[in-house]
2 protein chains.
Amino acid sequence: MNSIKNILRNSSLRPTKQRIMIGKLLFNDTNKHVTAESLYRELKASEQKISLATVYNTLHDFCEKKLLKKVNVDAEKVYFDTNTNPHHHFYSDSEKLLIDISKDKIKIHGLPKAPKGKKIKDVELIAHLSDS
Amino acid sequence: MNSIKNILRNSSLRPTKQRIMIGKLLFNDTNKHVTAESLYRELKASEQKISLATVYNTLHDFCEKKLLKKVNVDAEKVYFDTNTNPHHHFYSDSEKLLIDISKDKIKIHGLPKAPKGKKIKDVELIAHLSDS
DNA sequence: CAACAGATTAGAATTATTCTAAACTGAGAT
DNA sequence: ATCTCAGTTTAGAATAATTCTAATCTGTTG
Ligand SMILES: [Mn+2]
Ligand SMILES: [Mn+2]
Ligand SMILES: [Zn+2]
Ligand SMILES: [Zn+2]
C-alpha cells in the first residue's frame with residue numbers, strides 16, 4: 001500500500017500521485033515489460049489522469065534509479081523491464097512480446113575480454129522467436 | 001569491379017547505379033556496421049549523387065535478400081551488418097560502436113526450448129561495454 | 001501556512017524512418 | 001538501336017517515438 005512510497009523515497013524520488021500510480025502498476029504486479037505507450041494506455045484504462053510526458057519522465061527516472069531496466073530489442077520502441085536482475089529474453093518479433101529467461105539457466109563460455117580501456121558492463125542474450 | 005553486379009543479379013536486384021555505389025562501399029570493404037545516415041554521409045563524401053530514401057530502400061532490399069542483417073542494439077537508430085553469418089557483438093553505448101564476436105568463440109548452454117508454437121530463429125548476444 | 005525546488009503538463013519540436021506520387025532507367029522484345 | 005514497362009529513384013510530405021519548452025502545480029521543509 002505505501003511500499004511504493006517507500007520504494008520512491010529510498011530512491012530519492014518524491015512520491016507524487018503520478019509516480020505512485022505508475023509504481024503500483026509496475027511493482028505490485030509480477031515482472032512486466034512495458035513501453036511508454038502501453039503503460040500510458042494502461043493508466044488511462046484505469047481512469048488515471050496523467051500525461052504522456054510524465055510517463056516518459058517517470059520511466060527515465062525509474063531507470064536512473066535502477067528500478068527499471070531498458071531493453072532495446074526492437075527499433076520501433078523502447079521496452080522497460082521491471083526485472084532489474086541480469087537475465088535474458090525470448091522475443092517474438094511478430095507479437096512484440098518479451099519473455100524472461102532466468103540468468104542461471106544459461107551458461108555463456110568463451111566471451112572475449114573487452115577491448116582495452118573498456119569493460120563489459122552487461123551481457124544480454126536475445127533469442128528471437130518465429131512461428132512454427 | 002563487376003562482382004557487385006553479380007551479387008545484385010544473383011539476388012534478383014537490378015544493378016542500378018545507386019545499388020552499385022552502395023554495394024561497393026558495403027561489400028568490397030571488410031565487415032562493416034552502418035546506419036542509413038552513416039552510409040548516406042559516406043556516399044556524399046565521395047561526391048555520389050543519391051537520395052536518402054534510396055539508401056533506406058537499398059538497405060531494406062539488401063536485408064530481404066540476406067546480403068545484410070539488421071542489428072537492434074540502440075533505440076536511436078538501426079544498424080546494418082555486412083556480416084550475415086550468425087555472430088555476436090560488443091557494443092559501446094558511449095561511442096555507438098559495434099564490434100563482432102565470432103560465433104564459434106562463444107558457447108551457450110541451457111537455452112530453454114521455445115514456447116509452444118514458436119521456434120528459436122536466431123540467438124544474439126550483446127556485451128555492452130563501458131569505460132575503464 | 002509560506003516558499004521553493006522539483007514535478008507535471010500541453011503542445012511544439014526533433015529525429016529516424018516510411019510513404020507518396022511523379023520522373024527515370026535497366027533490360028528484354030521487336 | 002528503339003520501344004516499352006516494371007522496377008527504381010527521388011524530393012518532399014507524413015508518421016511515430018521520443019524529447020524539449022516554458023508555464024503551472026505540488027510535496028516537503030521550515
Ligand atoms: Mn523509429
Ligand atoms: Mn526512436
Ligand atoms: Zn525481462
Ligand atoms: Zn556484426
Side-chain angles (χ1 to χ4, degrees), chain A residues 2 4-25 33-44 47-65 67-68 70-80 93 96 98, chain B residues 2 4-25 33-44 47-65 67-68 70-80 93 96 98:
Chain A
N2 79 347
I4 302 288
K5 280 194 183 179
N6 290 332
I7 291 172
L8 294 172
R9 289 227 176 76
N10 291 337
S11 297
S12 324
L13 291 171
R14 267 198 217 168
T16 62
K17 268 193 291 296
Q18 293 81 353
R19 283 173 178 164
I20 290 165
M21 281 163 23
I22 291 177
K24 279 181 183 164
L25 286 181
H33 303 98
V34 303
T35 65
E37 276 292 343
S38 79
L39 185 54
Y40 184 57
R41 282 197 307 273
E42 201 178 347
L43 287 158
K44 285 200 307 194
E47 313 287 335
Q48 309 277 20
K49 157 66 162 121
I50 195 170
S51 77
L52 181 57
T54 299
V55 173
Y56 275 102
N57 290 340
T58 301
L59 288 171
H60 291 149
D61 294 343
F62 284 9
C63 272
E64 274 170 18
K65 298 307 168 70
L67 300 174
L68 288 177
K70 229 178 277 215
V71 182
N72 285 316
V73 70
D74 193 307
E76 304 288 305
K77 43 188 52 157
V78 174
Y79 288 83
F80 295 87
D93 291 82
K96 310 280 181 197
L98 277 169
Chain B
N2 80 346
I4 302 288
K5 280 194 182 180
N6 291 332
I7 291 173
L8 294 172
R9 289 226 175 76
N10 291 337
S11 298
S12 323
L13 291 171
R14 267 199 215 165
T16 63
K17 269 192 290 296
Q18 292 83 351
R19 284 172 177 163
I20 290 165
M21 282 161 24
I22 291 177
K24 279 181 184 164
L25 286 181
H33 303 99
V34 302
T35 65
E37 276 292 345
S38 80
L39 185 54
Y40 184 57
R41 283 197 306 272
E42 202 177 345
L43 287 158
K44 286 201 305 193
E47 312 287 335
Q48 310 275 17
K49 157 73 163 116
I50 195 169
S51 77
L52 180 58
T54 299
V55 174
Y56 275 101
N57 289 340
T58 301
L59 288 172
H60 292 148
D61 293 344
F62 284 8
C63 271
E64 274 170 17
K65 297 309 168 70
L67 299 173
L68 288 177
K70 228 178 279 217
V71 182
N72 284 316
V73 70
D74 193 308
E76 304 289 302
K77 42 188 53 158
V78 173
Y79 288 83
F80 294 87
D93 292 80
K96 309 280 180 198
L98 277 168

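Model, not experiment: these values are computed from the prediction. Protein chains get the first letters and strands the later ones, always in sequence-line order, with residue 1 at the start of each.
Atom OH of A:Tyr40 is separated from atom CD1 of A:Ile50 by 8.5 Å, given to the nearest 0.5 angstrom. How far CG of A:Leu13 is from CD of A:Glu64: 9.0 Å, rounded to the nearest 0.5 Å. Expressed to the nearest 0.5 Å, how far OG of A:Ser51 lies from CG of A:Asn57 amounts to 7.5 Å.
Note: NZ (A:Lys77) to P (D:dT15) measures 16 Å, nearest angstrom. Rounded to an integer number of Å, the gap from B:Asn72 CG to D:dA17 C1' is 14 Å. Atom CG in B:Leu43 sits about 15 Å away from atom C1' in D:dT10, given to the nearest Å. Summarising the geometry, the separation between CD on B:Glu64 and P on D:dG7 is reported as 14 Å, rounded to the nearest angstrom. Residue A:Gln48 contributes atom CD, which lies 11 Å from atom P of C:dT9 at whole-angstrom precision. Rounding to whole angstrom units, NZ of residue A:Lys5 and C1' of D:dG27 are separated by 10 Å. When rounded to the nearest whole Å, the span between OH of B:Tyr40 and C1' of C:dA16 equals 14 Å. For the pair B:Asp74 CG and C:dT17 P, the interatomic distance rounds to 10 Å; values are reported in whole Å.
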Quick one: what's the B/S/- string for nucleotides 1-8 of chain C, heavy-atom cutoff under 4.0 Å, read 5' to 3'?
-> ----BBSB
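Under the 3.5 Å distance criterion, the side-chain polar atoms of B:Thr58 are matched with a main-chain donor or acceptor of B:Thr54. A donor-acceptor contact shorter than 3.5 Å links the side chain of A:Ser11 to the backbone of A:Ile7.
Of the side-chain N and O atoms in B:His60, none sit less than 4.0 angstrom from OP1 or OP2 of C:dT17.
Two residues, B:Tyr56 and B:Pro15, neighbour DNA chain C, and the one matched to the more 5' nucleotide by heavy-atom proximity is B:Tyr56.
When distances are taken from the side chain of A:Leu52 to each of D:dG12, D:dT18, D:dT28, the shortest belongs to D:dT18.
Listed by first and then second residue, the salt bridge (Lys or Arg N to Asp or Glu O under 4.0 Å) pairs involving residues 9-18 of chain A amount to none (not counting sequence neighbours).
Applying the salt bridge (charged side-chain N to carboxylate O under 4.0 Å, His left out) test to B:Lys96 and every residue at least two apart in sequence or in another chain returns B:Asp74.
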